[in-house]
Structure formats: structure tokens, C-alpha cells
Amino acid sequence: MITLGELSNRSIPLIGFGPGIAGYSSKMQKKHAGIWRYYYGIINRIKIRVVRKNYIDAVTHALNIGYRLIDYSSAYGDGTLLQLAIQRSGVKREDLFITTRVSNWAQREGKVREEFMKFLKNMNLEYVDLLQFHWPVTDLYLDAWREMEKLYEEGYVKHLGVANCHQHHLEEIFKICKHRPEVGQFEIHPLFTQKPLIQYYKDNDIVVEAYTPIARYDDRLVRLPLLKKLEKKYNKTFVQIILRWHIQNGVIPLVRSMSKEHLLENFSIFDFELTQEDMAAIDAININSRLRYDPDNCDFSIL
Ligand SMILES: NC(=O)c1ccc[n+]([C@@H]2O[C@H](COP(=O)([O-])OP(=O)(O)OC[C@H]3O[C@@H](n4cnc5c(N)ncnc54)[C@H](OP(=O)(O)O)[C@@H]3O)[C@@H](O)[C@H]2O)c1
């Protein structure tokens with residue numbers, strides 16, 4: 001396994017795969033009535049089957065390529081499709097690093113344990129490697145943390161972590177925790193480099209994961225002359241260059257793709273190294289442009 005560093009008792013892979021939500025829309029079915037509802041219902045069911053099949057195929061393919069860190073959340077689904085893909089891939093459980101997160105819904109409803117146990121059952125797992133909360137829901141995330149610590153103490157969780165935490169959230173957790181977070185994820189990409197926050201996590205021995213690591217293929221990066229120049233210099237795509245930049249910064253990128261070509265491309269980043277000058281040039285792209293939500297200013301009920 002290609003690893004970044006040691007957690008308390010095992011290493012963590014250097015790159016992660018986040019399959020996200022297997023999305024489909026049931027809007028079509030709702031809009032129509034009578035005979036149209038019947039036909040559109042059939043079309044919709046076919047669409048759902050196709051989406052589910054593509055999702056399982058993509059996850060299986062990712063595992064076959066060599067991805068071992070799976071980044072998931074109960075906010076994305078119940079894990080059923082993921083389990084099918086893992087089973088199909090034939091990869092051994094002990095070779096995987098499976099992350100899940102407590103949804104905001106479970107924090108609101110006080111169902112952290114219930115949701116987690118359902119995930120374990122659907123995934124046919126005895127433990128997860130990393131449990132995080134999805135967002136630090138105001139007034140609720142410390143209670144969620146206490147529940148997560150219980151699951152850790154009972155052996156269902158190997159490592160505890162956080163997501164979307166600013167420094168002040170972590171300071172509150174440090175005040176009450178029995179077990180400190182070992183891994184934290186938040187939005188990081190060249191348009192939003194978050195250097196001070198990364199440093200704060202590292203100073204507190206927390207491994208940093210980057211979500212939205214390629215800024216969802218943002219057009220501002222696609223068009224950037226610097227990245228075009230680096231593509232030619234290294235004979236790599238700019239996505240590969242950005243993923244490599246994360247790793248050389250000591251950050252684990254969690255990238256999403258449903259495309260077999262992209263999955264392979266994104267994993268083919270271990271045969272080159274960016275120079276310090278090029279690392280600095282990519283750092284300088286930063287314009288503090290956040291693409292996702294600011295945890296201090298968002299509506300947790302829609303996330
Ligand atoms: N904790 C949180 O609140 C949180 C929030 C957001 C994300 N996350 C995690 O981070 C993961 C990734 O974040 P993200 O989905 O926001 O953003 P991302 O990984 O930066 O971007 C994903 C998009 O980039 C495209 N893509 C991937 N590789 C590509 C390539 N080589 N060339 C061209 N396009 C490519 C994908 O399309 P294709 O399918 O066509 O490749 C997809 O549309 C999520 O799946 C999730 O696990 C966590």
C-alpha cells in the first residue's frame with residue numbers, strides 16, 4: 001500500500017477515492033400523472049439501475065487500480081452499493097482503509113450510534129478504519145464526538161477524525177476529548193490553499209486530507225497558463241500535477257471520479273516529482289476561493 005504516514009497503529013494511504021453519492025433523480029416520475037407516470041416510471045427505474053451499475057463498476061475499478069482509502073459518509077448513502085463493489089473487487093478487508101462520517105441528520109436526531117451500526121451492517125464490516133463527523137453542526141458536534149469516542153472504545157472504530165473544522169472547532173474538541181482526532185479533512189485545492197489551517201492541523205499531529213482536491217475541475221484551473229506549461233514540462237495532466245502537489249505538501253487528496261480513465265490517470269502520480277519552484281508557483285495560484293461551504297456560515301440542514 002502506498003502510504004503517507006503512521007497513525008497510532010497503522011499507516012494511512014497516500015491518496016483516497018471518494019465515490020460520493022450514487023445520484024439519480026426521481027423528479028420525472030413525480031411530474032407526470034396517469035399513463036405518462038407509468039411510462040416515465042419505467043424509464044426512471046432503468047435510469048436508477050444504470051446509475052447503480054456505473055457506481056458499482058467505478059468503485060470496483062478503483063479498487064482494482066490500487067486505491068485503498070475509501071472516503072464515504074452516511075450522508076452519501078447506506079453503503080450497500082459500496083459493499084457490493086468491495087465484494088466484487090476481491091480486495092481483502094485488512095488491505096482497505098475505510099472511512100465513514102456521521103451525517104448532520106444523525107447529529108440533529110441524536111442517532112449517531114444507530115446510523116453507524118446500520119452502516120456497519122450494510123457494509124458487512126466489524127469495524128471502520130476512520131470515523132469522522134461530516135460537519136461540526138453548531139451546538140451538536142461535541143455530543144457527536146463523545147458518541148464517536150464510545151464507538152472507538154468499543155472497538156468498532158480504529159481511528160477518530162473530523163471534517164470541516166476550523167481551528168476554533170478543534171480547540172473545543174481538545175477541551176472535552178478523551179481521544180484526540182488523528183485525521184481531519186477540509187476543502188483544499190490551488191484556488192484555496194488553506195496553508196495556515198493545514199499548519200495548525202500538522203502542529204497538532206493531525207493528518208490532513210483534502211476534499212474537492214482538484215476543485216471539481218474548475219475552469220479557472222483548466223485555462224491557467226502556468227498549469228498548461230507544467231503539463232508540458234512533466235508530460236502529465238494538470239489534474240495529476242495538482243494531486244502530486246497535495247502529496248508533496250503532505251496532504252492526502254480524496255478525489256472523486258466515475259470515469260475509468262480518470263481513475264487511472266489520478267492514480268498515476270507516483271513516477272514524477274515537482275520541483276520546489278513549481279510547488280511554490282502552484283501555491284501562488286491561491287485566491288482564497290472556497291467552492292464548498294464555510295462551516296462558520298452555512299445551513300447544516302441542507303448538507
Ligand atoms: N466532508 C465533506 O464535507 C466533503 C465535501 C466534499 C467532498 N468530500 C469528499 O471529497 C471527495 C472529492 O470531492 P469533490 O467531489 O467535491 O471534488 P473533486 O474530487 O475535486 O472533483 C470531482 C470532479 O472532478 C472530475 N474529475 C476527476 N478526475 C478527473 C480527471 N482526471 N480529469 C477531469 N475531470 C476529473 C469528476 O468527474 P468524472 O466522474 O467525470 O471523472 C468530478 O466531476 C468526495 O467524493 C467526498 O468523498 C467531502
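Hydrogens, waters and symmetry mates are skipped; everything else that's a heavy atom, side chains included, is used. Indexing begins at 1, ligand by ligand and atom by atom, following the structure's order.
For Asp139, the CG atom counts as loosely surrounded, since its 6.0 Å shell holds 12 or fewer non-hydrogen atoms of other residues, nucleotides or ligands. Other residues, nucleotides and ligands contribute more than 12 heavy atoms inside 6.0 Å of the OH atom of Tyr200. Annotation: Tyr293, atom OH; neighbour count of heavy atoms from other residues, nucleotides and ligands within 6.0 Å does not exceed 12.
Ligand 1 has no atom lying under 4.0 Å from any heavy atom of Tyr293. Using a 4.0 Å heavy-atom cutoff, Phe186 is absent from the residues neighbouring ligand 1. Using a 4.0 Å cutoff on heavy atoms, Arg101 counts as a contact of ligand 1.
Regarding atom 21 (O) of ligand 1, its nearest protein heavy-atom neighbour is Arg216 CA, 3.3 Å. With hydrogens left out, the protein atom closest to atom 40 (O) of ligand 1 is His262 ND1, 3.6 Å, a heavy atom. Of the protein's non-hydrogen atoms, the one nearest atom 39 (O) of ligand 1 is Met258 N, 2.8 Å. Looking at atom 31 (N) of ligand 1, its nearest protein heavy atom turns out to be Asn266 OD1, 2.9 Å. With hydrogens left out, the protein atom closest to atom 13 (O) of ligand 1 is Thr212 N, 3.2 Å, a heavy atom. When only non-hydrogen protein atoms are considered, atom 36 (C) of ligand 1 lies nearest to Arg256 O, 3.5 Å. The protein non-hydrogen atom at the shortest distance from atom 26 (N) of ligand 1 is Ile214 CD1, 3.6 Å. Considering only non-hydrogen protein atoms, atom 46 (C) of ligand 1 sits nearest to Tyr76 OH, 3.3 Å.
The atoms of ligand 1 that sit less than 4.0 Å from any heavy atom of Pro213 are 18 (P), 19 (O), 20 (O). Listed by number with element, the atoms of ligand 1 under 4.0 angstrom from any heavy atom of Glu265 are 31 (N). Atoms of ligand 1 lying under 4.0 Å from at least one heavy atom of Gln185, given by number and element, are 1 (N), 2 (C), 4 (C), 48 (C). Each of the following atoms of ligand 1 lies closer than 4.0 Å to a heavy atom of Ser257: 27 (C), 38 (P), 39 (O), 41 (O). Remark: ligand 1 atoms within the under-4.0 Å shell around heavy atoms of Leu254 are 10 (O), 11 (C), 12 (C). Which parts of ligand 1 touch Ala215 is read off a 4.0 Å heavy-atom cut-off, strictly below it: atoms 20 (O). Heavy-atom proximity to Gly18, at under 4.0 Å, picks out these atoms of ligand 1: 45 (O), 47 (O). Those atoms of ligand 1 that come under 4.0 Å of a heavy atom in Val255, given as number and element, are 19 (O).
Residues forming a ring-ring contact (aromatic ring centres under 6.0 Å, His included) with His134 (at least two apart in sequence, or on another chain): Tyr76. Taking Phe192 as the reference, nothing meets the ring-ring contact (aromatic ring centres under 6.0 Å, His included) condition, with sequence neighbours excluded.
For the pair Arg93 (side chain) and Leu96 (backbone), a donor-acceptor distance under 3.5 Å is present.
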Please step through side chain to side chain contact (heavy atoms under 4.5 Å, CB included) for the pair Tyr67 and Ile15, ending with a clear verdict.
CA-CA 7 Å; Tyr67 291 88; Ile15 182 165; 4.3 Å; yes
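With a heavy-atom cut-off of 4.0 Å, Leu291 does not touch ligand 1 at all.
Ion pairing of Arg256 with Asp71 is absent here, as no side-chain N (NZ or NE/NH1/NH2) approaches a carboxylate O to less than 4.0 Å. Here Lys228 does not pair with Glu231 in a salt bridge; the nearest charged N to carboxylate O distance is not below 4.0 Å.
A donor-acceptor contact closer than 3.5 angstrom is absent between the side chains of Trp245 and Asp278. Between the side chains of Asp296 and His168, a donor-acceptor pair is found at a separation under 3.5 Å.
Note: the hydrophobic cluster containing Ile302 does not contain Tyr141 (ILVMFWY, side chain heavy atoms under 4.5 Å, direct or indirect links).
Of the N or O atoms in Ala163, none lie within a sub-3.5 Å distance of an N or O in ligand 1.
Of the candidates Trp135, Tyr211, Phe17, Phe133, the one placing a heavy atom closest to atom 7 (C) of ligand 1 is Tyr211.
No side-chain heavy atom of Lys236 sits under 4.5 Å from any side-chain heavy atom of Arg244.
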